[in-house]
Amino acid sequence: MKISRRLLSGNIVIIVLVIAIGIFGLLSRGDIVRSFESAEKHFRSIITSATEVSSYAKRAEGHLLLFLTFHNNDDRERFFERYNSLIEEIKVLDLAVKVPVARELVQKIGAGAERFLPAGESLLKAYDRDMALSGRFVPDKYETEIRSFNEIASEIRQRGVDLAIAEAVLSENAHRTALKKAANFQLYGLAIILGGVIIALIQGYVFSKKIALPLLELKDNVAEVSKGNLDVIMHYHSKDEIGELTSSFNTMTTALKESHHALISEKERLLVTLRSIGDGVITTDIQGKVVLINTVAEALTGWTQKEASGRPLTEIFSSMNKKTREVCENPLERVLRSGKITELSDDTALISKDGNERSIAESGAPILDEEGQIIGAVLVFRDITEKRRMEDELLKARNIESLGILAGGIAHDFNNILVGILGNVSLAVRKLEKEDKEKVRERLTGVEHAALRAKDLAYQLLTFSRGGAPLLKTTFISGLIMDSTKFALAGSNMICSYSFPEDLWPVDIDRGQLSQVIHNLIINAKWAMPEGGTVELKAENLVIPEGAAAPALLPAGAYVKVSMKDEGIGIPAENLQKIFDPYFTTRGKGSGLGLATAYSIMKRHHGLITADSSADQGTTFHLYLPASDKAVSPEVEEAGFEAGNGRVLLMDDDEVVRDVTQNMLIDLGYEIVLSTNGTEAIELYQEAMRTSRPFAAIILDLTIPGGMGGKETIQEILRIDPGVKAIVASGYSADPVMADFGNYGFRDVLKKPYSLQEISNALQKVIG
């Protein structure tokens with residue numbers, strides 16, 4: 001009975017304990033299950049939203065890039081649709097995520113989304129602007145903006161992945177808490193009764209098999225994902241909450257793997273794009289060492305990617321100024337110093353590894369990180385050697401057309417001049433027969449004036465045979481404008497009105513080339529006003545301050561602005577953007593090079609030409625020339641004829657020139673020695689030095705057909721006598737030696753034809 005009673009008591013106790021443990025177990029299990037359900041629901045919601053955030057960012061980015069590439073407006077609209085969906089998912093995350101660590105990720109996603117839309121809209125505005133201006137959009141121009149846009153999208157996608165991983169870790173912690181409750185339940189059961197312990201152990205075993213093992217596997221897999229291993233997969237399959245959790249984890253890793261592969265593909269695509277673009281591209285780190293060099297840059301510099309990687313930029317990219325032959329400043333140093341996009345001058349040459357020299361146009365820009373700090377630089381450059389050659393040829397071709405158009409007016413002026421010369425010579429002969437010396441002097445003076453007019457006309461014509469780099473001289477432009485317009489309007493039914501302020505700033509210009517610009521604009525006005533009319537010309541001083549809007553992005557500074565307005569038929573709006581294009585013309589004749597030539601000349605002067613016009617309202621051209629801070633050399637006043645003193649060596653291949661110049665010099669009182677070429681002149685100079693009868697001065701013709709000219713001769717004579725007083729003479733006033741005679745060893749210059757007064761002044765200046 002005791003045994004029975006004990007057994008009954010034991011059974012009752014066991015039953016009570018089992019019931020108590022069962023009730024406690026049911027309550028604990030319910031708490032655990034609720035924890036599991038809550039964690040699973042929370043985790044699945046966050047994973048879904050985080051995945052959607054990554055998906056919408058990627059799809060919005062893709063639609064915008066597709067639009068910029070293929071110009072499909074559906075992609076443009078879908079970009080904004082995907083962006084709005086992205087914002088909605090961020091709002092869901094903002095409401096769902098509570099833990100501070102995860103909320104920080106949500107806030108970063110939101111911050112990225114705030115930068116995402118402006119970056120996209122900026123590219124769309126650039127697209128609209130380029131399409132409006134030129135009818136085409138070149139993505140290469142906006143490589144930096146596109147890269148920044150891609151980086152923002154990648155940042156949003158990465159933050160979405162980070163959020164999913166963070167929520168997985170938080171979910172794991174919640175499950176650990178539930179497991180701890182289960183473990184406590186086991187301890188309580190063991191303390192109460194051995195049967196409860198057995199039941200707790202059985203229940204614990206069930207929990208371990210059904211819950212703990214999958215959670216441990218999940219923990220290990222999350223650790224692998226955090227290390228970057230995206231190939232892990234959960235193998236637990238069931239229809240309970242753990243099964244749903246493992247399914248969500250597998251979905252997440254699959255999405256992460258796809259995103260990772262997409263990022264790799266994108267990187268490879270960008271690399272291929274960079275290597276296939278038509279410009280040379282070199283990227284460097286903050287220390288100025290080369291990171292990447294594309295195929296075009298390899299061809300231009302002579303360095304391969306393998307050779308250049310890790311080397312200093314100064315070793316790979318060697319440039320100099322074509323005019324001064326001085327080494328250019330390291331582009332990276334300018335970028336790092338200014339933190340802005342910088343451009344080289346038009347006179348930059350790239351020296352390749354094998355010593356070849358190419359004209360290039362180059363720009364540099366900083367590479368910024370997420371915080372806006374400079375982490376490197378990118379250089380973009382292109383070979384413009386052929387373009388420079390074409391511009392020179394364009395100028396030459398335009399000269400031929402201009403001469404053809406002006407042939408009638410030129411013939412008219414020359415005929416008038418010849419009338420003055422022949423008529424005065426005939427009258428002088430008649431007066432000689434009558435021994436009327438005063439009338440002879442008067443007629444011969446008329447011949448001299450007519451010849452000077454012919455000289456001026458010939459000098460004007462010579463400017464049309466010139467091209468290439470301008471030979472700059474500081475001057476006031478008002479006189480040049482008046483002379484050029486009067487010359488261009490010869491024989492026409494047009495007149496000009498002028499308005500020039502007295503305090504107009506000087507400019508550094510090539511008088512011949514700027515005269516050609518004015519001439520081309522007058523020709524354009526002639527065509528626009530076939531019945532004649534008035535051309536208004538005015539000039540003004542203009543200052544463009546820093547940051548102010550300027551025509552065609554002219555840099556800040558002081559300019560002289562010249563405006564030319566005609567009363568012609570005007571230019572239709574659809575043609576206004578094309579008038580400076582080579583070979584564009586609406587005339588039945590002409591090559592369409594006039595305005596293109598003017599544009600090229602203004603560009604070479606670091607200036608600008610623009611046009612305002614509308615149909616039947618006339619046209620106004622605006623010329624912008626940088627003002628000079630140099631002083632204008634005063635015009636040399638004519639000195640009186642003074643008696644010459646000393647021996648003068650005259651070298652010229654033309655017998656008429658030698659004879660006339662010899663008589664002029666003898667009349668001035670000089671002793672003359674004649675030479676026909678450079679070799680003979682050098683021998684005569686050496687002989688004079690040996691016999692102690694040195695020349696007081698020498699006059700050398702610049703060009704000797706088939707022989708040594710003045711440029712080569714002076715170099716040899718300078719070796720004999722560094723103190724030689726030499727004057728260079730030539731009818732080709734456009735030659736660089738004439739414009740910069742001092743650097744070639746000459747003391748002064750004579751432009752053919754020269755007068756007795758001019759040769760007297762030159763010798764007085766040189767001999768003293």
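Nearest heavy atom pair, residue Val291 against residue Thr284, reads CG2-C, 3.8 Å. The shortest heavy-atom contact between Ala113 and Ile156 is N-CD1, 3.8 Å. When all heavy atoms are compared, the tightest approach of Arg82 to Ala60 is CB-CB, 3.6 Å. Phe79 approaches Gly120 most closely through the heavy-atom pair CZ-CA, 4.0 Å. Closest heavy-atom contact between Gly112 and Ile152: O-CG2, 3.4 Å. Contact between Ile282 and Ala297 at its shortest, heavy atoms only, is CG1-CB, 4.0 Å.
Looking at heavy atoms from C-beta onward, Phe80 lies in side-chain contact with Leu124 at the 4.5 angstrom threshold. Side chains of Leu93 and Glu89 form no contact here, defined as non-hydrogen atoms less than 4.5 Å apart. In this structure, the side chains of Leu292 and Gln305 come closer than 4.5 Å at one or more pairs of heavy atoms. Residues Phe137 and Tyr142 form a side-chain contact, since some pair of their non-hydrogen atoms from C-beta on lies under 4.5 Å apart. The side-chain heavy atoms of Val296 and Asp279, taken from C-beta on, include no pair separated by under 4.5 Å. Side-chain contact check for Thr301 versus Ile293: some heavy-atom pair is nearer than 4.5 Å.
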For this session: Mind running side-chain contact (heavy atoms from CB on, under 4.5 Å) on Leu65 and Ile146 for me, showing each step along the way?
Result: CA-CA 8 Å; Leu65 294 179; Ile146 291 175; 4.0 Å; yes

For this session: Decide yes or no on side-chain contact (heavy atoms from CB on, under 4.5 Å) for Leu554 and Ile544, but give the supporting numbers first.
Result: CA-CA 8 Å; Leu554 276 175; Ile544 300 177; 4.2 Å; yes

Problem set entry | Stepwise side-chain contact (heavy atoms from CB on, under 4.5 Å) check, Asp130 with Lys141 | CA-CA 10 Å; Asp130 284 4; Lys141 289 173 53 182; 3.4 Å; yes

Exercise. Between Leu133 and Arg129, is a side-chain contact (heavy atoms from CB on, under 4.5 Å) present by the stated rule, with each step listed?
Worked result: CA-CA 6 Å; Leu133 291 175; Arg129 182 175 60 253; 3.9 Å; yes

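Using a cutoff of 4.0 Å between basic side-chain nitrogens and carboxylate oxygens, Asp128 and Arg76 are scored as salt-bridged. A salt bridge does not link Arg78 with Glu81: every distance from a Lys NZ or Arg NE/NH1/NH2 to an Asp or Glu carboxylate oxygen is 4.0 Å or more. Between Glu155 and Lys108, no side-chain nitrogen of the basic residue sits less than 4.0 Å from a carboxylate oxygen of the acidic one, so the salt-bridge criterion is not met. A salt bridge links Glu143 with Arg147; the closest basic N to acidic carboxylate O contact falls under 4.0 Å.
The distance from the CG atom of Leu86 to the CZ atom of Arg59 is 11.0 Å, given to the nearest 0.5 Å. Rounding to the nearest 0.5 Å places CG of Leu105 at 10.0 Å from CD of Gln158. A distance of 13.0 Å separates CZ in Phe116 from CD in Glu151, rounded to the nearest 0.5 Å. The CZ atom of Arg358 lies 5.5 Å from the CG atom of Leu300; values are rounded to the nearest 0.5 Å. For the atom pair CD of Glu298 and OG1 of Thr304, the computed distance is 6.0 Å after rounding to the nearest 0.5 Å. Rounding to the nearest 0.5 Å places CD1 of Ile360 at 4.5 Å from CG of Leu350.
A distance below 6.0 Å separates the ring centres of Tyr127 and His71.
Asn294 places a side-chain N or O within 3.5 Å of a backbone atom of Val281 that can act as its donor or acceptor partner.
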